[in-house]
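Each remark here refers to the structure printed beneath this line.
Just so we're on the same page: letters track the sequence lines, and every chain starts at 1. The model shown is predicted, which means the values in this text are computed figures rather than measured ones.
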Amino acid sequence: MPELPEVETVARLVRPALVGRRLGAVTVGWERTLGGLAPAAFARAVAGARVAAVGRRAKWITLDLERAGVAAGHLCVHLRMTGRLEVAPRATAPGPWERLRIALDDGRVLRFIDPRKFGRVRFTRALATVLGTLGPEPLGDEFTPAGFHAALRARRRCLKPLLLDQAFLAGLGNIYVDEALHRARLHPLARSERIAQEAAAGLWREIRAVLAEAIEREGSSFDTFYRTPEGKPGSYQERFRVYGRTGQPCRTCATPIRYLTVGQRGTHVCPRCQPRRPKARA
DNA sequence: AGCTACTCCTGGTAGC
DNA sequence: TGCTACCAGGAGTAGC
């Protein structure tokens with residue numbers, strides 16, 4: 001699923017095609033994509049605005065809009081499971097899954113395609129309305145080992161559901177949580193309040209490392225859905241250490257990867273590298 | 001506070 | 001081959 005690295009990849013690819021463009025007519029293929037705003041109101045808010053910047057916050061892509069040089073709200077795009085955002089020629093056929101189309105002043109169109117309809121393109125006057133509840137950005141300066149350790153200790157939860165909680169830390173999803181926990185040699189069910197300072201620092205480091213490496217490889221494409229807007233698959237899935245590798249040997253110790261369910265999420269662990277109880281030190 | 005269950009969706013796949 | 005049943009999964013919400 002698109003997580004932070006995939007979203008960052010999409011933002012980087014659409015940015016040059018969008019910045020400076022004026023938005024035009026809006027075609028809505030699936031109303032709920034707009035997140036509750038009526039199509040007519042959405043079209044009024046968007047048409048005629050110019051894209052001043054394209055950013056990313058956690059798994060959201062943000063388009064800052066302006067009119068006559070004055071800030072005029074934001075489009076916030078969440079790809080959820082199967083969403084795609086691309087700039088294409090106007091003649092491109094909508095196809096069965098196009099949920100939103102916005103004309104651009106260069107003759108092209110911005111398309112939001114989403115087979116499973118979970119994705120959202122929300123217009124908001126104030127970014128905080130959409131992004132206000134998000135926790136720290138894992139690759140940002142405000143995410144520090146000491147702060148992370150304190151935050152873990154302040155909660156009493158299993159590590160995996162906590163790391164998936166976007167209010168706690170923003171941007172990780174099922175894949176990169178499993179990968180980061182394996183790299184940090186921590187079990188998904190380990191209790192957050194019992195994580196030692198050293199272990200928290202290790203997890204902090206591995207979260208950032210796995211995200212940075214995945215961005216470098218333009219994300220992961222493990223099924224037929226996710227593609228970069230250029231239509232290329234990412235390549236990070238070749239590097240997965242545990243995700244989707246049930247029964248295959250751990251790349252560290254060759255023990256078969258085990259599959260379990262944690263908080264209704266498919267979860268992959270190496271039982272040897274990620275013991276349920278850490279080995280007592282001699 | 002934290003946990004579980006449920007909802008939204010449909011393409012892909014396992015099983016027959 | 002063709003059909004059906006089930007699953008994945010981010011995030012919001014409800015209920016305990």
Rounded to whole Å, OH of A:Y176 lies from P of C:dG9 at a distance of 13 Å
Does the side chain of A:Y259 get closer than 4.0 angstrom to OP1 or OP2 of C:dC7 through an N or O atom? no
Less than 3.5 Å apart, which donor and acceptor atoms pair up between the side chains of residues 148-155 of chain A and the rest of the protein, not counting sequence neighbours?
{"from": "A:H149", "atom 1": "NE2", "to": "A:I195", "atom 2": "O", "distance (Å)": "3.0"}
{"from": "A:H149", "atom 1": "NE2", "to": "A:Q197", "atom 2": "N", "distance (Å)": "3.3"}
{"from": "A:R153", "atom 1": "NE", "to": "A:E193", "atom 2": "O", "distance (Å)": "3.2"}

Distance check: side-chain N/O of A:R265 vs OP1/OP2 of C:dG10, anything under 4.0 Å? yes
Ion pair A:R50/A:E66, N-O distance below 4.0 Å: no
Please state how far atom OH in A:Y243 lies from atom C1' in C:dG9, giving the value in whole angstrom units. 8 Å
Report the residues that fulfil side chain to side chain contact (heavy atoms under 4.5 Å, CB included) with A:R90, sequence neighbours left out, ordered by chain and then residue number. A:V109
Compare the minimum distances between each of B:dG11, B:dC3, C:dG10 and the side chain of A:W97, then state the nucleotide with the smallest one. B:dG11
Rounding to 10°, can you tell me the angle the first-five-pair axis of the helix from B:dG2-C:dC16 to B:dC16-C:dG2 makes with its last-five-pair axis? 50°
Starting from C1' on C:dT13, measure out to CD on A:Q166 and report it in whole angstrom. 16 Å
Rounding to an integer number of Å, can you tell me how far A:R84 CZ sits from B:dT10 P? 18 Å
Once you round it to whole Å, what is the distance between P of C:dA11 and CG of A:L79? 11 Å
Rounded to whole angstroms, how far apart are CG on A:L172 and P on C:dG10? 11 Å
In short, side-chain hydrogen bond (donor to acceptor under 3.5 Å, both in side chains) pairs touching residues 15-25 of chain A with sequence neighbours left out are A:R21-A:D105
Restricting to side-chain hydrogen bond (donor to acceptor under 3.5 Å, both in side chains), what partner residues turn up for A:R56, sequence neighbours left out? A:E8, A:E137
Distance, nearest 0.5 Å, that separates CG of A:L159 from CD of A:Q274: 10.5 Å
Under the salt bridge (charged side-chain N to carboxylate O under 4.0 Å, His left out) definition, can you give me all pairs with a residue in residues 120-131 of chain A, not counting sequence neighbours? none
Without decimals, in angstroms, what is the distance between A:D114 CG and C:dA11 C1'? 14 Å
With the sugar-phosphate defined as primed atoms, P, OP1 and OP2, and the base as all remaining atoms, what B/S/- string results for nucleotides 4-9 of chain B, 5' to 3', for protein heavy atoms under 4.0 Å? SB--BB
Round to the nearest Å and state the distance from A:W60 atom CH2 to C:dG12 atom C1'. 11 Å
Any ring pair (Phe, Tyr, Trp, His ring centres under 6.0 Å) involving residues 50-84 of chain A? Give me the pairs, sequence neighbours left out, ordered by first then second residue. A:W60-A:H78
Under the 4.5 Å side-chain heavy-atom rule for ILVMFWY, direct or indirect, which residues accompany A:V242? A:I257
Just N and O in the side chain of A:H78: are any of them under 4.0 Å from OP1 or OP2 of C:dG10? no
